[in-house]
Amino acid sequence: MVTTARDEQAATAALRKPLQRFRVAAFVTGLGLLGLVVVMVIRYGFDNPGPSAVYSPVHGVIYMVYLVVAVDLALKARWSVKGTVGVLLAGCVPFFSFAAERAVTRRVTEGRKL
């Protein structure tokens with residue numbers, strides 16, 4: 001099937017909103033992971049489990065939202081399973097969600113699959 005520049009522009013336009021949601025979710029997840037690191041240092045380094053008891057469930061909800069938003073974009077952009085799993089796992093490691101967000105944004109705006 002031959003695709004034209006117009007088809008590619010229409011596809012990119014259709015992904016604009018899901019991509020924007022993903023970018024916000026990836027950024028919030030990255031900040032949430034950094035917050036979780038701080039809370040874990042407080043818990044295990046200073047023997048104070050109080051902040052961890054409050055923040056850990058919040059972080060879990062943030063990550064679940066990230067998963068849903070990333071899968072939504074993956075389905076709409078027709079990513080491979082390998083690429084999708086990689087993006088989902090990037091939300092588990094501090095700073096990786098920031099890198100994944102940049103890579104996904106670049107590829108989606110160029111019209112390339114992940």
Side-chain angles (χ1 to χ4, degrees):
M1 182 174 164
V2 177
T3 59
T4 63
R6 187 176 193 160
D7 293 338
E8 289 177 13
Q9 288 175 346
T12 303
L15 294 174
R16 188 170 295 132
K17 291 287 185 182
L19 179 60
Q20 186 65 31
R21 286 190 295 267
F22 172 77
R23 292 184 74 187
V24 170
F27 184 75
V28 171
T29 300
L31 291 178
L33 278 169
L34 295 176
L36 186 65
V37 168
V38 170
V39 168
M40 290 295 113
V41 168
I42 292 170
R43 178 182 184 130
Y44 295 111
F46 299 101
D47 198 29
N48 182 359
S52 174
V54 174
Y55 186 74
S56 294
V58 172
H59 166 70
V61 171
I62 290 170
Y63 184 67
M64 284 187 271
V65 169
Y66 173 79
L67 292 176
V68 169
V69 170
V71 168
D72 176 53
L73 179 60
L75 291 173
K76 290 178 180 171
R78 308 190 91 197
W79 293 349
S80 68
V81 173
K82 183 180 173 182
T84 303
V85 169
V87 170
L88 296 178
L89 290 176
C92 296
V93 182
F95 299 109
F96 277 29
S97 67
F98 299 121
E101 182 269 328
R102 295 306 312 152
V104 166
T105 300
R106 187 181 67 250
R107 285 182 168 254
V108 169
T109 54
E110 291 173 353
R112 295 173 28 204
K113 298 197 185 295
L114 194 62

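Only a predicted model underlies this, so the values are computations on that prediction, with no experimental measurement involved. All values below come from the heavy atoms of this structure, side chains included, with hydrogens, waters and symmetry mates left out.
The hydrophobic cluster containing Tyr44 also contains Val39, counting ILVMFWY residues as joined when their side-chain heavy atoms lie under 4.5 angstrom apart, directly or transitively. In the hydrophobic cluster analysis, where Ile, Leu, Val, Met, Phe, Trp and Tyr join through side-chain heavy atoms closer than 4.5 angstrom, Leu67 is grouped together with Leu75. The hydrophobic clustering, which links ILVMFWY residues whose side-chain heavy atoms are closer than 4.5 Å, places Leu15 and Leu88 together. When hydrophobic clusters are built by joining Ile, Leu, Val, Met, Phe, Trp and Tyr residues whose side-chain heavy atoms come closer than 4.5 Å, directly or via intermediates, Leu114 is grouped together with Tyr66. Under the 4.5 Å side-chain heavy-atom criterion for grouping Ile, Leu, Val, Met, Phe, Trp and Tyr, Tyr55 is not connected to Phe46 through any hydrophobic cluster.
Using modelled atom types, one side-chain atom of Thr109 and one backbone atom of Arg106 make a donor-acceptor pair closer than 3.5 Å. Arg107 places a side-chain N or O within donor-acceptor distance of the main-chain N or O of Lys113, the cut-off being under 3.5 Å. A donor-acceptor pair under 3.5 Å is formed between the side chain of Ser97 and the backbone N or O of Gly30.
Closest approach of Ala53 and Pro57 over heavy atoms only: O-CD, 3.4 Å. Counting all heavy atoms, side chain and backbone alike, Gly83 lies closest to Ser80 at N-OG, 3.0 Å.
Of the inter-residue distances, the one linking Met40 atom CE with His59 atom NE2 reads 9.0 Å to the nearest 0.5 angstrom. To the nearest 0.5 angstrom, Leu33 atom CG is 8.0 Å from Phe98 atom CZ. The NZ atom of Lys17 lies 11.5 Å from the CG atom of Leu19; values are rounded to the nearest 0.5 Å. With values rounded to the nearest 0.5 angstrom, Gln20 atom CD is found 11.5 Å from Leu73 atom CG. Taken from OG in Ser56 to CG in Leu36, the straight-line distance is 5.5 Å, to the nearest 0.5 Å.
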Requested in this report: Any chance you could lay out the side-chain contact (heavy atoms from CB on, under 4.5 Å) test for Phe22 and Val108, step after step, and finish with the verdict?
Outcome: CA-CA 11 Å; Phe22 172 77; Val108 169; over 6 Å; no
Query - Derivation of the side-chain contact (heavy atoms from CB on, under 4.5 Å) call for Asn48 and Arg43 - result: CA-CA 5 Å; Asn48 182 359; Arg43 178 182 184 130; over 6 Å; no
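Counted by atom type alone, Thr105 and Glu101 present one or more donor-acceptor pairs between their side chains at under 3.5 Å.
Residues satisfying the ring pair (Phe, Tyr, Trp, His ring centres under 6.0 Å) test with Phe95, not counting sequence neighbours, are none.
Taking 4.5 Å as the limit, every side-chain heavy atom of Val38 sits out of range of all side-chain heavy atoms of Leu34.
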